[in-house]
Amino acid sequence: MELDSQKTFINAKPFLKWAGGKKQLLPKFYNLLPFHIKNGITIERYVEPFVGGGAMFFFLKKHYNVKESFLFDINRELILAYKVVKHDPKDLIDELKEMEEFHLKKSEEARKENFYTIRNNYNVQMNDFDYENYGEDWIKRASYLIFLNKTCFNGLFRQNKDGGFNVPFGRYKNPKICDEENIIWVNKALKNTEIFCGDFTQSQKFIEKESFVYLDPPYRPLNRTSNFTEYSKGGFTDLDQIKLADFFEQMDIKGAYLMLSNSDPKNEDPKDEFFDNLYRHYNVERLPAKRNINSDASKRGDINELVVRNYSH
């Protein structure tokens with residue numbers, strides 16, 4: 001990837017580790033950007049209906065002048081954290097520093113106990129938490145989420161059927177719970193950005209002709225044991241994938257520039273044409289990638305990921 005250093009604007013990176021993160025694919029995505037974006041310095045309007053960890057958003061913010069952005073995700077805990085970083089970064093940093101200092105001075109067994117205490121508090125708090133009206137309690141909840149994300153096994157976010165965080169303790173020697181510098185950068189990246197909790201269809205009214213839209217839905221499982229759609233408690237089914245393909249077509253008609261990524265079912269079944277059929281009218285490409293999230297290390301390795309675009313240059 002060759003990028004002009006003069007295009008570097010904001011040096012932010014994802015502040016949460018999120019399953020399906022796109023960090024490793026960003027150089028390849030750069031080569032697939034619309035020609036006028038790749039070779040310019042400005043993106044007028046960017047919309048991301050499944051923001052997740054935000055790797056693509058932060059990448060674009062680093063290398064382009066993104067005038068306005070609209071970020072969506074159905075996961076209310078994730079959106080809460082984004083809003084806290086946007087509105088109260090310094091108070092969040094203070095909370096995280098205190099949690100980090102308290103946690104790291106403990107023995108490993110005491111750290112484990114502290115982790116499960118915070119996880120329990122986080123889950124209990126969920127039952128009557130006000131997710132609609134922003135307040136000081138959002139800062140504490142965001143700090144809980146970031147703490148759990150930095151100290152849980154494999155840095156996963158996973159919910160049980162009731163919406164509770166259920167990832168176990170991870171054994172890390174010196175986890176960086178408070179990345180103060182990056183939180184400040186993320187706060188800067190979120191300027192001129194609107195953040196919404198909602199499904200992808202709610203982004204439609206913000207998508208205009210020539211908007212750049214990146215869609216990174218929960219991936220279709222490669223097999224029955226690799227279902228990583230549990231990051232909101234409803235999952236994302238094949239019917240949802242079909243609904244998304246219809247949405248893609250509608251936004252194409254609007255004149256937006258669309259890029260979508262997903263797992264390639266041909267990794268497991270060469271005859272599986274699910275996405276090839278869904279997006280048969282568009283450019284479907286396969287990019288080599290590493291499968292990083294699997295409890296069995298032997299099952300991590302090279303796979304293909306799909307990228308669908310409604311433009312060729």
Side-chain angles (χ1 to χ4, degrees), residues 14-21 50-55 71-85 88 91-93 95-100 102-104 106 108-132 134-172 175-179 182-183 186 195 197-199 216-219 221 225-236 292-295:
F15 64 95
L16 292 169
K17 183 178 179 182
W18 214 249
F50 306 87
V51 68
L71 307 180
F72 293 77
D73 204 281
I74 201 167
N75 189 307
R76 61 187 185 180
E77 305 292 353
L78 177 69
I79 291 302
L80 178 150
Y82 271 98
K83 288 187 175 181
V84 170
V85 175
D88 287 295
D91 289 341
L92 176 62
I93 287 167
E95 286 281 353
L96 289 171
K97 280 183 176 179
E98 186 175 325
M99 294 176 79
E100 181 177 82
F102 181 75
H103 186 73
L104 294 186
K106 294 179 175 293
E108 183 170 312
E109 194 58 36
R111 287 185 185 186
K112 184 176 181 179
E113 182 180 348
N114 184 48
F115 172 87
Y116 284 110
T117 297
I118 290 175
R119 193 182 80 167
N120 182 66
N121 291 342
Y122 180 77
N123 287 336
V124 169
Q125 185 188 58
M126 174 187 68
N127 295 326
D128 56 2
F129 193 81
D130 183 357
Y131 291 93
E132 299 299 323
Y134 189 93
E136 287 188 9
D137 53 345
W138 283 41
I139 300 167
K140 172 63 78 173
R141 187 151 185 85
S143 71
Y144 279 171
L145 173 60
I146 293 171
F147 171 87
L148 292 170
N149 185 256
K150 302 298 184 183
T151 58
C152 74
F153 176 74
N154 218 17
L156 287 170
F157 180 93
R158 185 181 63 208
Q159 294 172 304
N160 60 28
K161 63 181 180 179
D162 299 317
F165 185 90
N166 66 355
V167 185
F169 175 68
R171 298 181 184 276
Y172 303 104
K176 192 167 189 178
I177 295 165
C178 181
D179 188 343
N182 189 53
I183 289 174
V186 171
I195 306 163
C197 185
D199 78 358
D216 183 31
Y219 274 18
T225 62
S226 65
N227 190 342
F228 288 103
T229 63
E230 298 170 339
Y231 302 96
S232 62
K233 57 183 178 178
F236 204 79
N292 293 321
I293 296 181
N294 196 305
S295 57

Exercise. Can you check whether K150 reaches K176 side chain to side chain, under 4.5 Å on heavy atoms?
Worked result: no
For this session: Answer yes or no: is there a side-chain heavy-atom contact under 4.5 Å between K106 and F115?
Result: no
For this session: Would you please name every residue forming a ring pair (Phe, Tyr, Trp, His ring centres under 6.0 Å) with F50, sequence neighbours left out?
Result: F200, F236
Problem set entry | Check: V124 main-chain N/O paired with N127 side-chain donor or acceptor under 3.5 Å | yes
For this session: Using modelled atom types only, decide if a donor and an acceptor are shared between the side chain of D73 and the backbone of I79 within a distance under 3.5 Å.
Result: no
Seminar exercise, completed: Value for CG (L78) from CG (L145), rounded to nearest 0.5 Å, stands at 7.5 Å
Exercise. Is there a donor-acceptor contact under 3.5 Å from the side chain of K17 to the main chain of N149?
Worked result: no
For this session: Starting from the C-alpha separation in whole Å, work towards a yes-or-no answer on side chain to side chain contact (heavy atoms under 4.5 Å, CB included) for I183 and L96.
Result: CA-CA 11 Å; I183 289 174; L96 289 171; 3.6 Å; yes
Problem set entry | Side-chain heavy atoms of H103 within contact of F147, under 4.5 Å | yes
Exercise. Is there side-chain contact between V51 and W18, with at least one heavy-atom pair below 4.5 Å?
Worked result: no
Problem set entry | F72: ring pair (Phe, Tyr, Trp, His ring centres under 6.0 Å) partners, not counting sequence neighbours | F196, F206
Problem set entry | Side chain to side chain, Y144 and M99, heavy atoms closer than 4.5 Å | yes
Problem set entry | Donor-acceptor contact below 3.5 Å, side chain D88 vs main chain D91 | no
Problem set entry | K112 charged N/C atom sitting above Y116 aromatic ring, 6.0 Å / 45° | no
For this session: Would you check if R111 and L104 make a side-chain contact, meaning some heavy-atom pair closer than 4.5 Å?
Result: yes
For this session: Please work out which of the three classes, parallel, tilted or perpendicular, describes the rings of F129 and W138, given edges at 30° and 60°.
Result: tilted
For this session: Give the C-alpha distance, both sets of side-chain angles, the deciding distance and a yes or no for side chain to side chain contact (heavy atoms under 4.5 Å, CB included) between T151 and N114.
Result: CA-CA 10 Å; T151 58; N114 184 48; over 6 Å; no
Exercise. Would you call M126 and Y131 a side-chain contact if the rule is heavy atoms closer than 4.5 Å?
Worked result: yes
Exercise. Short question: side chain of E100, backbone of C178 - any donor-acceptor pair under 3.5 Å?
Worked result: yes
Exercise. How many angstroms lie between atom CZ of F165 and atom CG of L148, to the nearest 0.5 angstrom?
Worked result: 5.0 Å
Exercise. Crowded around E98 CD? As in, over 12 foreign heavy atoms under 6.0 Å?
Worked result: no
Exercise. Is it true that the side chains of E77 and Y122 contain a donor and an acceptor less than 3.5 Å apart?
Worked result: yes
Exercise. Do F15 and D179 come close enough that some side-chain heavy atom pair is under 4.5 Å?
Worked result: no
For this session: Say whether, by atom type as modelled, one donor and one acceptor occur between the side chain of N160 and the main chain of G164 under 3.5 angstrom.
Result: yes
